[in-house]
Amino acid sequence: MPELPEVETLARDLRATVVGRKITKATVSPDAPRLVQDMPVEVFESGLRGRRIEGVSRRGKYLMLQLDKGLWWVMHRRMSGNVLRRPVKATDEPYIRARFRLDDGNELRFVDLRKFGTMWLTDDPEPIFAGLGPEPLDEAFTDEVLRETLKKRSTAIKPVLLDQAAIAGVGNLYADEALHYAGIHPKQPAASLKNDEVAKLREGIVRALEQGLANLGSSVGNVAGEEVSLRDHVNLNGESGKNQEYLVAYGREGRPCRTCGTAIERIKLAQRSAHFCPKCQPLRRRRKRTPAKGRARRAPAG
DNA sequence: AGAGTAGCCTGTAAGC
DNA sequence: TGCTTACAGGCTACTC
């Protein structure tokens, strides 16, 4: 599933290939009625026609293409969305939901099996990102920033990592990886993390994301034997990422922990699967304060 | 208000 | 073999 590393990989690919190109035609398939947000499909299509792509960037899991005339073409790949750059004459892949013809004989194809993907065309993208937390790979994402976020959350740490208002761009896969690197159990209450654990967690998040980025993303849903799968993340050329080979927790249920050999476990947490090593990531139970001890602290015997 | 859950969507795999 | 059901998951909208 596309998370920060997968979206950033796409942004880099696009930056290298489509900046300076003009969109000559945009076509959205009628079988993807939810793809275009906040405006009629025809307005979206005609609004993109003739626009020049001036830059590509990313915010959280959102991809942003800066166009001339002060416009922004924003997209979110959600679960299964991929962008492919193909010659206009190339054979169609299945699940093409939209096409964007460029002035160099290529076109961008938005391929999205599950149809969860969304796009916007706007002169002000900021409201789209209004609810997003800090970028985890920015220098501004410090231990203290993370600590302040976590101390307000009584729930388990894993769902907090998935909350885009807490940290932008982390999804289920990289959350499991980050917690494993940090040695923290996914059910550990967020507010219970000590300072050194928060520091380890921030390191784990950065490590997991940077490794994903270095390996051009994780492609975990691909079917064995299929040359190019479009069921999961692929890059602009349709090639899979390599990071799935290096995962330490996600998708490794029953397989040995790379650190200690213990079988990786999978549990359900907040409707999501969570993978972890029960030995390297022990749940630190909050010590129950006994009534006697609590009382003793407030009213020492004497 | 924070937390939990249904729904969006489709293909695959498990179960009967 | 063939049908049904569960599952995968980012995010929003809704309920408690």
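Proteins come first, then strands; the chains are lettered A, B, ... in the order of their sequence lines, and each starts at number 1. Predicted model, so just to flag it, every value in this text is computed and none were measured.
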Could you give the [atom1]-to-[atom2] distance, from [X] to [N], as a whole number of Å?
X: A/H76; N: C/dC11; atom1: NE2; atom2: C1'; value: 7 Å
X: A/L173; N: C/dG10; atom1: CG; atom2: P; value: 9 Å
X: A/Q271; N: C/dC11; atom1: CD; atom2: C1'; value: 13 Å
X: A/M79; N: C/dG10; atom1: CE; atom2: P; value: 6 Å
X: A/Y62; N: C/dG10; atom1: OH; atom2: P; value: 13 Å
X: A/F129; N: C/dC11; atom1: CZ; atom2: C1'; value: 15 Å
X: A/Y174; N: C/dG9; atom1: OH; atom2: P; value: 14 Å
X: A/Q164; N: C/dA13; atom1: CD; atom2: P; value: 15 Å

Is the gap between the ring centers of A/H180 and A/F276 under 6.0 Å? no

With ring centroids as reference points, do A/W120 and A/Y62 lie under 6.0 angstrom apart? yes

With the side chain of [X] defined as its heavy atoms from C-beta on, choose the nearest nucleotide among [options].
X: A/Y250; options: C/dG9, B/dG2, C/dC11; value: C/dG9
X: A/K115; options: B/dC9, C/dC11, B/dG2; value: B/dC9
X: A/L113; options: B/dG11, B/dG4, C/dA8; value: B/dG11

Categorize [X] for me: base, sugar-phosphate, or nothing, with a 4.0 angstrom heavy-atom threshold over every strand shown.
X: A/S273; value: sugar-phosphate
X: A/R77; value: nothing
X: A/K152; value: nothing

Just to confirm, is there a sub-4.0 Å distance from OP1 or OP2 of [N] to any side-chain nitrogen or oxygen of [X]?
X: A/K61; N: C/dC11; result: yes
X: A/R153; N: B/dA3; result: yes
X: A/R34; N: B/dC9; result: yes

A/F116 on top of B/dC8's base, within under 5.5 Å and under 30°? yes

Which heavy atom in A/E177 sits nearest to a heavy atom in A/Y250, and how many Å separate them? OE2-N, 2.8 Å

Of all the heavy-atom pairs spanning A/N172 and A/E3, show the shortest one and how long it is. N-OE2, 3.3 Å

Starting at the 5' end of DNA chain B, which residue's closest nucleotide do you reach first, A/R97 or A/T155? A/T155

Residue whose nearest DNA chain B nucleotide is more 5′ - A/P159 or A/D31: A/P159

Quiz item: A/R272 side-chain donor-acceptor pair to C/dG10 base, under 3.5 Å: yes

Give me the one residue out of A/R77, A/M75, A/Q164, A/E6 that meets side-chain contact (heavy atoms from CB on, under 4.5 Å) with A/K61. A/Q164

In the structure I gave you, are the side-chain heavy atoms of A/K200 and A/Y181 within less than 4.5 Å of one another anywhere? no

